[in-house]
Amino acid sequence: MATKLLLTFAICRLIVTVGLTLEPTELLRLGLTVDPFDVESASVDFGLMTKVEPLAVLRPSSAKDVAQLVKAAYESSHGFTVSARGHGHSINGQAQTGTGVVVQMSGVGSGGKPRVWGGDMYVDVWGGELWIDVLKSCLAYGLAPKSWTDYLYLSVGGTLSNAGISGQAFHHGPQISNVHELDVVTGKGELMTCSKEQNPELFHAVLGGLGQFGIITRARISLEPAPQRVRWIRVLYSNFSAFTKDQEYLISLHGNQKFDYVEGFVIVDEGLINNWRSSFFSPRNPVKISSLGSNNNGGVLYCFEITKNYHESTAETIDQEIEALLKKLNFIPTSVFTTDLPYVDFLDRVHKAELKLRSKGMWEVPHPWLNLFVPKSKIADFDRGVFKGILGNKTSGPILIYPMNKNKWDDKSSVVTPDEDVFYLVAFLRSALDNGEETQSLEYLTNQNRQILKFCDEDGMKVKQYLPHYKTQSEWKEHYGSKWDRFQRMKMKFDPRHILASGQNIFTPTFLSSSNMMVMDIPIPIKQKARESIDF
Ligand code: FAD
């Protein structure tokens with residue numbers, strides 16, 4: 001009874017706030033919930049920096065539920081927004097909305113199980129499915145998707161709305177390059193199937209489209225035979241140009257004589273080498289940066305991370321293949337660290353770190369992350385100015401760096417990347433702590449992110465943000481450059497009332513003036529919790 005009252009109260013609030021003309025019974029029919037737990041969890045994200053409460057939450061059990069809601073929003077005389085939320089792993093409130101309904105795509109009871117088509121080598125998955133569950137379903141058939149993210153507790157719809165990248169992207173392209181077909185609910189509430197052949201404009205717009213053109217309810221993802229095991233190798237460099245030369249060499253290789261995964265990270269302070277991503281190193285043999293020549297290099301080291309997949313039947317040749325590849329690289333000779341593990345454990349490696357951080361209360365802290373695509377021609381300037389300059393030998397989380405080949409990205413998709421054949425992902429994946437250490441505070445790290453962006457701008461580097469975050473439309477126009485006109489045209493075609501994914505702050509819903517939007521969608525900063533120390 002109490003729940004029903006709460007529901008009616010909140011629906012009335014929804015009606016009053018956005019002036020809906022729908023009857024409360026109609027909204028009940030749409031299956032909206034205002035369960036305080038659902039509303040609370042939909043109002044925050046992994047970034048933990050802003051809070052925006054939706055008016056209600058929908059937990060759909062099918063694409064039809066999603067279409068019904070979006071159609072109601074599109075046809076209502078005043079309008080309300082609809083934001084799909086995958087697993088809420090955005091940083092800056094991209095899946096939040098204060099002027100409408102959040103559609104909670106991930107979670108129990110949504111969508112249906114992945115359906116593997118072994119003969120055709122693809123899998124059909126619900127848009128809110130987590131990649132870990134896609135992997136498990138495919139492995140039952142001895143198959144697996146080709147392109148990954150480092151962390152698997154992300155939703156298919158969420159990563160395909162950005163790009164989805166990891167160390168396989170140099171070869172297979174991002175996840176958006178490995179999709180055959182999508183079902184999408186557009187901003188008019190129409191459920192459409194699209195692919196390169198069928199409704200291609202919608203298909204390309206949605207891939208990397210930041211949720212602006214439709215809600216992905218099904219994705220058909222390309223598969224390959226799953227490897228059984230992975231040889232995982234880390235080698236260290238003190239010389240940045242040797243490091244990038246070797247990374248670029250490895251991503252230029254084709255065929256079998258190559259590694260399957262190429263990433264890397266920057267080590268600017270000694271504590272970090274035994275951190276989050278380096279449970280890998282033997283604790284009985286901790287690495288001393290000072291013993292590896294980083295002192296002559298502004299205290300900075302670079303770790304190259306590579307893997308070779310194999311099947312137990314080819315285990316005999318794996319050592320020779322790896323040795324032949326490593327021979328061509330110029331890392332510090334005493335710095336080879338190797339481990340061997342099942343494929344699934346390698347792909348799911350970050351989850352182990354998550355559990356460790358959660359147990360220490362270090363997961364649910366603010367994450368002022370910054371992800372940049374840096375053109376190859378500017379990466380040495382970036383090293384000098386940022387890794388050896390702005391960071392000042394202090395960091396508060398991993399800094400990834402790895403190159404990708406532009407020809408593996410389809411320029412028709414909505415993502416923007418630098419205009420060079422090779423570009424780097426540089427990802428500052430930092431956690432803010434309120435432990436009295438100024439360099440770990442949210443304010444300090446946010447300010448440092450601004451300095452990094454300013455430095456890139458003043459140096460004319462033409463970097464592009466990945467998982468972009470801007471506050472004004474003119475910044476978005478600059479981000480999209482020559483793609484802006486098409487982006488805007490597709491928005492007019494597929495979401496003419498600008499009701500979808502308003503948390504991205506690209507378009508103002510047409511039922512709100514910009515000033516109204518400011519009042520209703522204003523994020524509340526989340527207060528930092530005090531922590532004693534950062535200890536990964
Ligand atoms: P959400 O944050 O819930 O949503 C993101 C955006 O997509 C929102 O605008 C939302 O409205 C929209 N959206 C969500 N679902 C749909 C849908 N079904 N249809 C249409 N639009 C939708 N990214 C990488 O590329 N590589 C990595 O290795 C990587 N590692 C990560 C590790 C961690 C620990 C975290 C927190 C993030 C990582 N990311 C990585 C970033 C990740 O790809 C983004 O956060 C992405 O948004 C996916 O998260 P999500 O599924 O929770 O989406």
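Remember, it's 1-based here, ligands and their atoms both numbered in the order they're listed. Because the structure is predicted, anything quoted here is derived from the model rather than measured. Position 1 is the first residue of the sequence; numbering continues from there.
Using a cutoff of 4.0 Å between basic side-chain nitrogens and carboxylate oxygens, Asp38 and Arg59 are scored as salt-bridged. The pair Arg85-Asp45 does not meet the salt-bridge criterion, since no charged nitrogen lies less than 4.0 angstrom from a carboxylate oxygen. Here Glu181 does not pair with Lys196 in a salt bridge; the nearest charged N to carboxylate O distance is not below 4.0 Å. Salt bridge annotation for Asp124-Arg220: present, with a cationic side-chain nitrogen under 4.0 angstrom from a carboxylate oxygen.
The shortest separation from a heavy atom of Gly209 to ligand 1 is not under 4.0 Å, leaving the residue out of contact. Distances from ligand 1 to the non-hydrogen atoms of Ser166 include no value under 4.0 Å. The shortest separation from a heavy atom of Tyr466 to ligand 1 is under 4.0 Å, placing the residue in contact. At least one heavy atom of Thr159 sits less than 4.0 Å from an atom of ligand 1. For the pair Gly88 and ligand 1, a heavy-atom separation below 4.0 Å is found. Residue contacts with ligand 1 include Trp369, since one or more of its heavy atoms lies under 4.0 Å from the ligand.
Among the atoms of Gly86, some N or O lies under 3.5 angstrom from an N or O of ligand 1. Considering backbone and side-chain atoms together, Ser83 places no N or O closer than 3.5 Å to any N or O of ligand 1. The shortest N or O to N or O distance between Ala501 and ligand 1 is not under 3.5 Å. Note: no N/O pair closer than 3.5 Å links Phe46 and ligand 1 by distance alone. Taking distance alone, with nitrogen or oxygen atoms compared against 3.5 Å, Gln94 approaches ligand 1 more closely than that limit.
Side chain of Asn199 to backbone of Met192: no donor-acceptor contact under 3.5 angstrom is found.
Shown in contact with Arg85 at under 4.0 Å from a heavy atom are these atoms of ligand 1, numbered in order with element: 3 (O). Per-residue contacts place His87 under 4.0 angstrom from the following atoms of ligand 1 (heavy atoms of the residue considered): 3 (O), 50 (P), 51 (O), 52 (O). Every atom of ligand 1 is numbered from 1 in the order shown, and the set under 4.0 Å from a heavy atom of Gly214 is 20 (C). Close contacts of ligand 1 with Gly164, meaning ligand atoms under 4.0 Å from a residue heavy atom, involve 25 (O). The contact set between ligand 1 and Asp150, taken as ligand atoms under 4.0 Å from a residue heavy atom, comprises 27 (C), 28 (O).
The heavy atom nearest to atom 41 (C) of ligand 1, considering only Leu467, Leu500, Val82, is found in Leu467. With Gly167, Gly503, Ser155, Gly128 as candidates, the residue nearest to atom 51 (O) of ligand 1 on a non-hydrogen basis is Ser155. When Gly93, Ala353, Ala84, Gly211 are ranked by how near their heavy atoms come to atom 10 (C) of ligand 1, first place goes to Ala84. In this structure, of Ala219, Ala42, Gly47, Ser90, the residue bringing a heavy atom nearest to atom 4 (O) of ligand 1 is Ser90.
Residue contacts with ligand 1, taken as heavy atom pairs separated by less than 4.0 Å, involve Asn162 solely via side-chain atoms from C-beta onward. Proximity of Gln504 to ligand 1, defined as any heavy-atom pair under 4.0 Å, is confined to the side chain (atoms from C-beta onward).
Remark: the Ser166 side chain and the Thr149 side chain contain no N/O donor-acceptor pair separated by less than 3.5 Å. Side-chain N/O atoms of Asp410 and Ser177 include no donor and acceptor closer than 3.5 Å. Looking at Lys483 and Ser414, their side chains never bring a donor and an acceptor atom within 3.5 Å of each other. For the residue pair Tyr151/Glu354, the side-chain donor-acceptor check at 3.5 Å is satisfied. Side-chain atoms of Glu475 and Thr472 form a donor-acceptor pair, as typed in the model, at a separation below 3.5 Å. A donor atom on one side chain and an acceptor atom on the other are not found under 3.5 Å apart for Tyr74 and Arg497. Inspection of the Gln175 and Thr159 side chains reveals an N or O donor paired with an N or O acceptor under 3.5 Å. No side-chain donor-acceptor contact under 3.5 Å links Glu305 and Tyr402.
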